[in-house]
Amino acid sequence: MAGPVKDREAFQRLSFLYQAAHCVPAQDPENQPLARFYCHTERTIAKRLVLRRDPAVKRSLCRGCSSLLVPGLTCTQRQRRRKGLRWTVQTCLTCQRSQRFLNDPRHLLWGDRPEAQLGSLTDLKATQAPPSTALPVPVDLPEEKVQPLSPLEVMDAPSLPRK
């Protein structure tokens with residue numbers, strides 16, 4: 001469970017514009033300028049408010065003309081192999097701009113990794129022992145005469161003179 005989200009209304013507005021841009025081609029495929037307007041507005045609001053958008057949302061919009069990239073309708077997708085790596089190449093049919101994405105089945109986005117999740121950070125901190133606040137044991141003293149100090153005694157201990 002995530003905590004309170006900053007700019008919740010802005011994210012709701014971005015979500016509405018993105019969903020509206022998806023609904024326009026479904027109802028009227030010839031009305032591409034309206035879908036492009038919704039996508040451009042969504043992108044402008046996100047930039048102005050400095051909001052991080054999901055990578056899937058960013059990949060589904062053309063960076064050149066802000067058109068919604070729907071394979072077969074507004075863009076073409078091709079699979080390419082080069083130097084042993086697999087790539088997906090998306091080409092916008094409006095402005096002919098292409099984007100390449102690496103196809104690595106083992107690759108995980110940072111947001112999908114377990115260490116990126118906020119809940120797992122608290123779990124990691126709970127399993128780790130807190131650092132010791134005791135003072136180090138001097139090497140030249142025998143062990144039986146040295147007793148570790150409690151944290152309260154460390155706070156009350158006089159500071160050593162500085163040279």
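Remember, it's a predicted structure, so these values are computed and weren't measured experimentally.
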Do [X] and [Y] belong together in a cluster built from hydrophobic side chains that touch within less than 4.5 Å?
X     : Y     : answer
Leu61 : Leu34 : no
Leu17 : Val24 : yes
Leu93 : Leu68 : no
Val57 : Val70 : yes

Please evaluate residues Arg43 and Ser66 with respect to the criterion side-chain hydrogen bond (donor to acceptor under 3.5 Å, both in side chains), reporting the C-alpha separation (whole Å), side-chain torsions for both, the decisive distance (0.1 Å), and the verdict.
CA-CA 8 Å; Arg43 184 168 143 196; Ser66 297; 3.0 Å; yes

Determine whether the side chains of Gln96 and Thr91 contain a donor N or O and an acceptor N or O closer than 3.5 Å.
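No, no side-chain donor-acceptor contact under 3.5 Å.
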
[X], [atom1]: over 12 other non-hydrogen atoms inside 6.0 angstrom:
X      : atom1 : result
Arg48  : CZ    : yes
Phe37  : CZ    : no
Gln79  : CD    : yes
Phe101 : CZ    : yes

Cationic N near anionic O, under 4.0 Å, Glu42 to Arg13:
no

Might you point out which heavy atoms bring [X] and [Y] nearest each other, and give the distance in Å?
X     : Y      : value
Arg63 : Gln99  : N-NE2, 3.7 Å
Leu69 : Thr74  : CA-OG1, 3.3 Å
Arg86 : Pro105 : NH2-CD, 3.2 Å
Tyr18 : Ala56  : OH-O, 4.4 Å
Cys92 : Cys75  : CA-CB, 4.2 Å

Calculate, to the nearest 0.5 Å, the distance between atoms [atom1] and [atom2] belonging to [X] and [Y] respectively.
X     : Y     : atom1 : atom2 : result
Gln12 : Asp7  : CD    : CG    : 11.0 Å
Ser98 : Gln77 : OG    : CD    : 12.5 Å
Phe11 : Ile45 : CZ    : CD1   : 12.0 Å
Ser67 : His40 : OG    : NE2   : 13.0 Å

Cation-pi geometry met for Arg80 and Trp87 (6.0 Å, 45°)
no

CA sep, side-chain torsions, deciding dist, call: Thr76, Gln90, side-chain hydrogen bond (donor to acceptor under 3.5 Å, both in side chains)
CA-CA 6 Å; Thr76 59; Gln90 272 186 339; over 6 Å; no

Side-chain contact test, heavy atoms from C-beta onward, threshold under 4.5 Å: evaluate it for Pro25 versus Gln32 and give yes or no.
yes

